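Please read the structure below before turning to the comments.
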Amino acid sequence: MTETKQFIRPEKDHFLADENPFEAMMSRFDVAAGLLKLDPGLYKVLRNPQTQIIVSLPVMLDSGETEVFTGYRVLYNTSRGPAKGGIRFDLGVTLDEVRALAAWMTWKCAVVNIPFGGAKGGVICDPLKMSMAELERLTRRYTSSIIDVLGPDSDVPAPDVNTNERVMAWIMDTYSMHKRHTVTAVVTGKPLEMGGSAGRREATGRGCMIMAREALAHLGLPFKGAKVVVQGFGNVGSIAAELLQEAGAVVVGVSDVSGGLYNAKGIDVKDAIAWRDAHRYLSGYPKADAVANDDYLTLPCDVLLPAALENVITKRNAGDIKAKLIIEGANGPTAAGADEILDRKGVFVVPDILANAGGVTVSYFEWVQDRDGYFWSEEVVNQRLEEIMVRSFKNVLELAQKYSVNMRIGAYTLAIQRVAAVHRLRGMYA
Ligand code: NAD
């Protein structure tokens with residue numbers, strides 16, 4: 001059982017758990033569709049998922065008993081290219097959630113203009129209670145059950161909640177065994193040894209850092225010395241904090257599930273990472289003051305970077321936020337009701353579908369490298385990521401300014417415009 005630990009990220013988000021996730025997403029979609037005067041037929045097309053698969057997965061447990069798990073894969077839209085999106089293993093997985101996340105991936109890939117559609121998958125299971133061997137059998141059975149949609153040209157999964165490089169390796173192997181040859185490009189987020197990309201682990205945090213830099217420049221605020229509070233100290237939060245500090249910002253707050261830490265003079269992020277690695281959590285770190293998680297997001301700072309959970313900025317605390325800039329490292333950290341309050345206060349928000357798109361962008365690079373069989377250096381990966389993130393920020397800002405809307409609606413508008421344009425050009429096959 002101890003072997004399963006490396007899979008488990010039990011604090012990870014349950015996407016928009018207290019609302020219908022699909023409708024919460026679509027409330028923003030509708031505003032953008034209205035601005036674009038999207039024709040009613042195309043509106044209906046974009047509001048409906050293209051393919052939804054539900055599979056029953058019989059798996060032999062270590063005890064010799066058979067359990068049947070339920071798995072989903074939703075391909076929301078593939079008009080711009082193969083579907084792209086993670087697979088999560090979690091007890092909280094629902095078809096509604098998977099569908100919402102698949103739609104989200106569609107818009108995210110379109111915002112950064114990479115040639116992918118959007119997908120998501122999930123299996124209802126409790127990985128905490130499963131052995132490594134059971135997880136492997138479940139992964140392989142799930143892969144073979146959805147194999148007709150998988151493929152480098154049709155649907156390319158990636159890690160998500162409670163899945164990781166190890167799971168991607170099993171998916172790649174299962175798919176390759178069926179195809180009778182090795183197909184590395186069928187999944188991304190793989191180990192480097194088998195076709196993973198340099199820079200993938202850091203990509204989402206790096207993208208957040210680039211967005212903070214671009215947004216501060218746009219607002220006419222200095223990057224050097226900008227005070228940053230980061231919520232969440234996992235892959236996205238700790239790497240973003242480290243890169244922001246390296247680039248000259250002062251990280252005054254870091255937090256994880258164990259609580260928040262604040263030091264007005266700045267926290268040495270590398271030192272805090274070393275503490276977390278040694279003690280599992282940030283709590284007890286001696287060179288900063290402890291702050292309760294409830295008071296954390298309203299600490300004084302210039303930049304707030306939520307990189308943990310969904311729905312943490314709500315109607316309740318949005319009015320007390322001191323930051324001038326919010327970079328949404330997490331998916332869905334701002335509840336729909338808080339947008340208006342932040343707008344009124346003049347807080348500039350770089351929305352999740354732009355701010356955390358660095359991850360899927362480098363997944364795209366991984367897919368390109370696998371298909372070419374030619375691998376890039378980390379410098380090349382980072383430089384190409386930089387180009388795409390900077391260009392996407394400009395594109396979203398231009399639309400936000402054109403329609404006098406916030407960056408979130410600007411990003412949805414850009415995404416819908418791009419997906420709709422391809423639908424119009426391709427026409428309707430009947
Ligand atoms: P992770 O599991 O590596 O880290 C999550 C962090 O959040 C941990 O430090 C955890 O302790 C902390 N946390 C949990 N509950 C908290 C709470 N109540 N208060 C403060 N901190 C809390 O996850 P991650 O990969 O860094 O992902 C974080 C968010 O970013 C998620 O919403 C994820 O969907 C999103 N995201 C991640 C990627 C990626 O490439 N990893 C890409 C796009 C979006």
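Side-chain atoms are counted along with the backbone in the values below, which use heavy atoms only and exclude waters and symmetry mates. Note that the structure is predicted; figures quoted are calculated from it, not measured. Counting starts at 1 for both ligands and their atoms, following the listed order.
Backbone and side-chain nitrogen or oxygen atoms of Leu309 are examined, and none is located within less than 3.5 angstrom of a nitrogen or oxygen of ligand 1. The N/O atoms of Asn331, backbone and side chain alike, include one that comes under 3.5 Å of an N/O atom in ligand 1. Residue-to-ligand polar distances place Phe233 within reach of ligand 1: an N/O pair is separated by less than 3.5 Å. Taking any N or O of Asn356, backbone or side chain, none lies under 3.5 Å from an N or O belonging to ligand 1.
A side chain to side chain donor-acceptor pair (under 3.5 Å) with Gln50 is found for exactly one of Thr78, Thr106, Asn77, namely Thr78. Screening Lys190, Lys84, Arg200 against Glu366 for a salt bridge (charged side-chain N to carboxylate O under 4.0 Å, His left out) leaves a single residue, Lys190.
Between Arg213 and Glu386 a salt bridge is recorded (basic side-chain N to carboxylate O distance below 4.0 Å). We find that Glu214 and Arg391 are not joined by a salt bridge, their nearest charged nitrogen and carboxylate oxygen being 4.0 Å or further apart.
Between Tyr285 and Trp275, the ring-plane angle classifies as perpendicular under the 30° and 60° cut-offs. Using cut-offs of 30° and 60° for the angle between ring planes, the Trp107 and Tyr412 rings count as tilted.
Of all the heavy atoms of Gln231, the ones lying under 4.0 Å from any atom of ligand 1 belong exclusively to the side chain. Neither the backbone nor the side chain of Pro333 has a heavy atom within less than 4.0 Å of ligand 1. Residue Asn235 touches ligand 1 through backbone and side chain together, judged by heavy-atom distances below 4.0 Å. If you look at Arg200 next to ligand 1, the close heavy atoms, those under 4.0 Å, all belong to the side chain.
The ligand atoms of ligand 1 that sit less than 4.0 angstrom from a heavy atom of Ser255 are 20 (C). Each of the atoms 24 (P), 26 (O), 27 (O), 30 (O), 37 (C), 38 (C), 39 (C), 41 (N) of ligand 1 lies under 4.0 Å from some heavy atom of Val236.
Here Leu61 contributes atom CG and Glu134 contributes atom CD; the two are 5.0 Å apart, rounded to the nearest 0.5 Å.
Nearest-residue assignment for atom 28 (C) of ligand 1 (options Gly205, Gly260, Ala330, Ala307; heavy-atom criterion): Ala307.
The number of heavy-atom neighbours closer than 6.0 Å to CD of Gln401, taken from other residues, nucleotides and ligands shown, is above 12.
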